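Below is one structure, written out as structure tokens, with a few remarks after it.
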Amino acid sequence: MDKTNDPKLTSWVAVAADSHFPIQNLPFGVAARTDGECFIVSAIGDRVIDLSELERRGVFSNTPLTGMNIFQGTSLNPFMALGRDCWKAVRSTLSHLLKAENPTIRDNAELKQSVLIPASEVEMVMPLEIGDYTDFYSSREHATNVGTMFRGVDNALMPNWLHLPVAYHGRASSVVVSGTPIRRPTGQTLPEEAESPQFGASKVLDFELEMGFFIGPSGELGDPISVNDAENHIFGMVLVNDWSARDIQKWEYQPLGPFLAKNFGTTISPWVVTLEALEPFRCDGPEQTPEPLPYLRSTGKRTFDIQLEVALAPDSAEGTTITRGNFNTLYWDMRQQLTHHTVTGCNAQTGDLLASGTISGSNNKSLGSLLELTWMGKKPLKLVGGEERKFIEDGDSITITGWCQGDGYRIGFGVCNGTIIPATKV
Ligand code: MN
């Protein structure tokens, strides 16, 4: 095991047992001060670590980053492009500086104050520039549930589904960071029993519990990324809410798939958790039968044990946890998604976001959308305050959280939160 993953490692910075950011995590993000100035950070406990200041003071001078000024900008893309050796060097340097025995920052009051900032004093902003966004459909349970509702139980899973990771090209411009309000979309729908479509605000607004990963080093156009090399192109992961207007989706989706039902907003959590931090939580995924074609076969543990929860809170009311799932239930893994995406020679580029698709488990308490939880609105959910929900109403907030549970510590992702605001009057 890499020593940065040692469960016994402790920091001189106080970290609660249920904190998402112990010394074993060290995620990357971008923070904004109250005056709007943005800077690249990591996190420990309830503090953010100013990596731009650490770099100016030369702490990365014994790493491949020396002289590169990689943390002086306001996005992670330049760092992400450098690749795993550089990511590991920075992680190892940070881990060393923060461990309990190291006095370098711990005993230097001036340095400590300038690089460790209370998380409550900053706002986390979009951590990178996302070039392209692709959304997969990799949960067998989700695909089966939606297929059953939209096409009937006999046509639930399409004939291709068990042979390739199905996806659509999404919209990168409307990916927003946690905390950004989402406006209810307006569009065209065909109401039940109606003969012609109508135009107006979506009445069937939903969330989708997903996770996503970001491309580190780019691939070359015309040059597929192989399944055994795929993880070298994956920088890290975030929580994703792929907001979906089901009434718009139902009317528009055939024959080319989602379009306007999904392009009005996708929310991500602000902290990118690296594959290095997730390594101790690597695990097997579901067995794949039939065996995938050779270009999609890889060896070893191919996914991660990441616990996920979603809460729905009506306007200024208490939240109710409405589902609990796990990333490791996904049928297709990240290696297979990236390999399949680039097998034509399509070039994945630094900062591209590839999301998992809705993560639904095998029981009715682990479904990753309201569409499934309420079975198309037929079985409303009861919330703790006594209200019921079939779908999302104006003022409702959806909060996704996720973490890997270690022995006495958590590698967490923070939260991915968004509140629905009323549609524009048309
Ligand atoms: Mn989706």
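Given the structure is predicted, the values throughout are model-derived calculations rather than measurements. Whatever order the structure lists ligands and atoms in, that order sets their numbers, starting from 1.
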E231 pairs by salt bridge (Lys or Arg N to Asp or Glu O under 4.0 Å) with which of R302, R84, R282?
-> R282
So which of the N, O or S atoms of E208 lies nearest the Mn ion (ligand 1)?
-> OE1
Could you tell me whether a side-chain N or O of Q24 sits under 3.5 Å from a main-chain N or O of D6, the two making a donor and an acceptor?
-> yes
Can you name the N/O/S atom of D135 that is nearest the Mn ion (ligand 1)?
-> OD2
What N/O/S atom of E210 gets nearest to the Mn ion (ligand 1)?
-> OE2
Results of side chain to side chain donor-acceptor pair (under 3.5 Å) for E37 - residues two or more places apart only = R33
Could you check which N/O/S atom of D242 is closest to the Mn ion (ligand 1)?
-> OD2
Which residue, N241, T399, T401, forms the side-chain hydrogen bond (donor to acceptor under 3.5 Å, both in side chains) with N417?
-> T399
